[in-house]
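For clarity, every value in this text was computed on a predicted model and none was experimentally measured.
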Amino acid sequence: MADPARARKLAKRISQIVAHAIEHDIKDPRLDYVTITDTKITADLHDATVYYTVLGENLESTPDHTGAAAALESARGVLRTKVGQGTGVRYTPTLTFVADSIPEDAKRIEDLLAKAREADAEVARRATGAQHAGEPDPYKAPREEADDDEFADEESRS
């Protein structure tokens with residue numbers, strides 16, 4: 001089992017090497033909008049999982065996830081060779097590419113927050129001009145101290 005600090009450094013280095021190779025060495029147009037977000041490596045340093053996101057050409061276009069996945073799969077051998085050359089470890093880890101779900105999760109959270117803001121605005125709109133049900137002061141006021149004469153009269157009647 002490798003040192004966890006060494007595994008983290010190796011994972012970071014693998015991310016850098018793969019990102020650089022995708023940007024400069026591999027000439028596949030399907031990889032133009034691929035970004036490497038993270039890399040996780042097993043404790044024995046034999047398997048690395050590389051997480052990536054795919055962006056569209058502009059804000060209106062949808063990203064080509066299937067094309068990017070196919071391009072990464074076809075470039076896996078070249079990328080593993082680059083990782084082996086760039087890290088200098090005895091055993092070059094196998095690479096597995098996984099689409100990162102962070103952008104979709106962030107979009108879903110943003111939508112939920114917008115929904116919550118709308119609900120809060122609706123509650124605030126309904127609350128304007130509303131009044132409490134019942135009396136303005138719902139708590140009973142403490143009894144006033146009765147005069148001694150009144151108390152004495154009540155005592156004599158009973």
Testing the basics here: between [X] and [Y], what is the closest heavy-atom pair and its distance to 0.1 Å?
X: Ile22; Y: Leu31; value: CG2-O, 3.8 Å
X: Thr92; Y: Val83; value: CG2-CG1, 4.3 Å
X: Val89; Y: Arg6; value: CG1-NH2, 4.1 Å

Check: Can you list the steps and then say if Thr94 with Arg80 is a side-chain contact (heavy atoms from CB on, under 4.5 Å)?
Finding: CA-CA 7 Å; Thr94 59; Arg80 186 170 183 219; 4.1 Å; yes

As an exercise, state the distance from [atom1] of [X] to [atom2] of [Y], rounded to the nearest 0.5 Å.
X: Asp25; Y: Leu79; atom1: CG; atom2: CG; answer: 9.0 Å
X: Arg108; Y: Ser101; atom1: CZ; atom2: OG; answer: 9.5 Å
X: Glu57; Y: Asp64; atom1: CD; atom2: CG; answer: 10.0 Å
X: Thr49; Y: Lys40; atom1: OG1; atom2: NZ; answer: 10.0 Å
X: Ile17; Y: Thr39; atom1: CD1; atom2: OG1; answer: 10.0 Å
X: Arg76; Y: Glu73; atom1: CZ; atom2: CD; answer: 3.5 Å

Next item on the list: May I ask you to say whether Glu110 pairs ionically with Lys107, meaning some side-chain N is under 4.0 Å from a carboxylate O?
Entry: no

Notebook entry, point to check: Mind checking what makes salt bridge (Lys or Arg N to Asp or Glu O under 4.0 Å) contact with Asp47, not counting sequence neighbours?
Noted result: none

Notebook entry, point to check: Other than Tyr51, what residues sit in its cluster of Ile, Leu, Val, Met, Phe, Trp and Tyr side chains whose heavy atoms are under 4.5 Å apart, directly or through others?
Noted result: Val98

Next item on the list: Report yes if the side chains of Pro93 and Leu45 come closer than 4.5 Å at any heavy-atom pair, otherwise no.
Entry: no

Notebook entry, point to check: Are a donor atom and an acceptor atom from the side chains of Asp100 and Thr37 found within less than 3.5 Å of each other?
Noted result: yes

Note to self: According to a hydrophobic-cluster definition based on side-chain heavy atoms being under 4.5 Å apart (Ile, Leu, Val, Met, Phe, Trp, Tyr only), do Leu72 and Leu55 belong together?
What the structure shows: no

Notebook entry, point to check: Cationic tip of Arg30 within the cone over Tyr52's six-membered ring, i.e. under 6.0 Å and within 45° of the normal?
Noted result: no

Notebook entry, point to check: Taking it one step at a time, do Val18 and Phe97 satisfy side-chain contact (heavy atoms from CB on, under 4.5 Å)?
Noted result: CA-CA 11 Å; Val18 170; Phe97 294 97; 4.1 Å; yes

